[in-house]
Q: 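Dropping a structure here in structure tokens format, bear with me for questions.
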Amino acid sequence: MATERTLTIIKPDAVAAGHIGDIIKILEASQFKIVAARLVSLSKKEAEGFYAVHRDKPFFQSLTNFMSSGRALAMVLEGENIIARLREVMGSTNPANAAPGTIRKLYATNIERNAVHGSDSSENAKSEIHFFFKPNEIFQRV
Ligand code: UDP
Ligand code: MG
């Protein structure tokens, strides 16, 4: 299994609640390597672009209002099988179904305000990383 990269976002609910440090602590304890990070404040249009795949879902307007409601921390993580490993550490989309100890079980409020984003496939990871970061903003081992 080759080294992969994935995109994670600490969403506006978790940033506003003061959980940036708590969540990064879990990511680092999981041996995930942070290779880029940027505090962002998405416009409604940017949030709609990021979540375009969900544009026909009933929750799209509410989700993109939420995602453009305040500060969020976008990060690129790198490691073996990191896409799947991040999804495990995040827990289920709905925190009611999330396993104990997962980020969403600990810090999500509900299925929308669920603390973190994580890419769900190699293809989406690439495009989501590109959405937030230029290649020279991502740490490269030389
Ligand atoms: N979401 C929502 N209502 C739903 C399902 C999802 O508000 O019924 C939101 C939630 O913030 C979720 C995001 O939309 O994280 C993207 O949904 P997806 O199914 O891709 O979940 P994820 O990949 O984030 O677990
Ligand atoms: Mg998703």
Side-chain angles (χ1 to χ4, degrees), residues 1-140:
M1 170 70 68
T3 299
E4 294 175 332
R5 286 178 174 168
T6 194
L7 183 87
T8 187
I9 306 173
I10 302 181
K11 293 184 179 183
D13 58 328
V15 174
H19 291 312
I20 290 177
D22 297 317
I23 292 170
I24 288 182
K25 200 166 187 65
I26 293 173
L27 299 176
E28 290 191 325
S30 307
Q31 316 293 325
F32 297 170
K33 181 176 173 186
I34 300 169
V35 293
R38 188 156 68 90
L39 192 74
V40 297
S41 179
L42 295 179
S43 67
K44 171 81 165 155
K45 284 251 168 322
E46 288 168 333
E48 288 171 357
F50 182 78
Y51 276 120
V53 63
H54 292 307
R55 65 186 166 273
D56 296 327
K57 304 271 172 63
F59 57 81
F60 183 67
Q61 284 308 323
S62 180
L63 169 64
T64 53
N65 285 338
F66 159 55
M67 288 301 292
S68 59
S69 68
R71 294 166 297 149
L73 187 68
M75 293 182 280
V76 179
L77 306 177
E78 188 178 273
E80 298 273 309
N81 202 22
I82 192 76
I83 297 170
R85 285 163 66 211
L86 173 65
R87 297 286 309 191
E88 257 178 49
V89 169
M90 285 166 54
S92 299
T93 307
N94 186 346
N97 304 327
T102 60
I103 294 170
R104 283 169 165 171
K105 186 58 154 193
L106 288 165
Y107 301 117
T109 302
N110 56 44
I111 194 169
E112 176 181 276
R113 302 172 70 86
N114 60 3
V116 281
H117 169 82
S119 307
D120 65 0
S121 67
S122 172
E123 192 187 353
N124 287 340
K126 284 192 180 69
S127 66
E128 291 178 2
I129 289 169
H130 179 73
F131 185 92
F132 286 102
F133 296 98
K134 301 189 181 84
N136 69 0
E137 293 171 329
I138 303 172
F139 176 81
Q140 310 272 358

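Only a predicted model underlies this, so the values are computations on that prediction, with no experimental measurement involved. One-based numbering, in listed order, for ligands and for the atoms of each.
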Q: Who's closest to atom 21 (O) of ligand 1 heavy-atom-wise, of Asn94, Thr93, Asn110?
A: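 It is Thr93 whose heavy atom sits nearest to atom 21 (O) of ligand 1.
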
Q: What I want to check is whether the side chains of Lys44 and Ser68 have a donor and an acceptor closer together than 3.5 Å.
A: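 No - no donor-acceptor pair under 3.5 Å links their side chains.
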
Q: Tell me: protein heavy atom nearest atom 9 (C) of ligand 1, and distance?
A: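 Scanning the protein heavy atoms, the shortest distance from atom 9 (C) of ligand 1 goes to Leu63 CD1, 3.7 Å.
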
Q: Is Met90 in contact with ligand 1, taking contact as a heavy-atom separation below 4.0 Å?
A: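 Met90: no contact with ligand 1 (<4.0 Å).
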
Q: Students should be able to answer this: which protein heavy-atom is nearest to atom 5 (C) of ligand 1, and at what distance?
A: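 Ranking protein heavy atoms by distance from atom 5 (C) of ligand 1, first comes Phe59 CE2, 3.5 Å.
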
Q: Should the proximity of Ile111 to ligand 1, defined as any heavy atom under 4.0 Å, be assigned to the side chain, the backbone, both, or neither?
A: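 Both backbone and side chain of Ile111 come within 4.0 Å of ligand 1.
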
Q: When you measure from atom 11 (O) of ligand 1 to every protein heavy atom, which one gives the shortest distance, and what is it?
A: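 Protein heavy atom with the smallest distance to atom 11 (O) of ligand 1: Glu112 O, 2.8 Å.
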
Q: Please work out, at 4.0 Å between heavy atoms, whether the side chain, the backbone, both, or neither of His54 comes within that distance of ligand 1.
A: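 Under 4.0 Å from ligand 1, His54 contributes side-chain atoms alone.
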
Q: Once the angle between the rings of Phe50 and His117 is folded into 0 to 90°, is it parallel (under 30°), tilted (30 to 60°) or perpendicular (over 60°)?
A: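 Because their plane-to-plane angle is over 60°, the rings of Phe50 and His117 count as perpendicular.
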
Q: Which of the listed options, His117, Met67, Arg104, holds the heavy atom that is closest to atom 24 (O) of ligand 1?
A: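 Looking at heavy atoms only, Arg104 sits closest to atom 24 (O) of ligand 1.
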
Q: Non-hydrogen atoms of Arg87 versus ligand 1: any pair closer than 4.0 Å?
A: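 Under 4.0 Å: yes for Arg87.
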
Q: About how many Å separate CZ of Phe131 and CG of Asn124, when rounded to the nearest 0.5 Å?
A: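 Nearest 0.5 Å value for the CG-CZ distance: 13.0 Å.
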
Q: Give the residue and atom name of whichever protein heavy atom lies nearest to atom 12 (C) of ligand 1, and the separation in Å to one decimal.
A: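 Protein heavy atom at minimum distance: Asn114 ND2, 3.6 Å.
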
Q: Do you know which two heavy atoms are closest between Ile103 and Leu27, and how far apart they sit?
A: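 Closest approach of Ile103 to Leu27: CD1-CD2, 4.0 Å.
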
Q: Do any N/O atoms on Tyr51 end up under 3.5 angstrom from N/O atoms on ligand 1?
A: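 No - when backbone and side-chain N and O of Tyr51 are compared with those of ligand 1, no distance drops under 3.5 Å.
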
Q: Could you report the tightest heavy-atom contact between Met90 and Val116, atom names first, then the distance?
A: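 Looking at all heavy atoms of both residues, the shortest contact is CG-CG2, 3.8 Å.
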
Q: Locate the shortest heavy-atom distance separating Glu78 from Thr3; write the atom from each residue and the value.
A: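 Here Glu78 and Thr3 meet closest at CG-CG2, 3.5 Å.
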
Q: Under 3.5 Å, side chain of Arg55 to main-chain N/O of Phe60, donor-acceptor pair present?
A: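 No: the side chain of Arg55 does not pair with the backbone of Phe60.
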
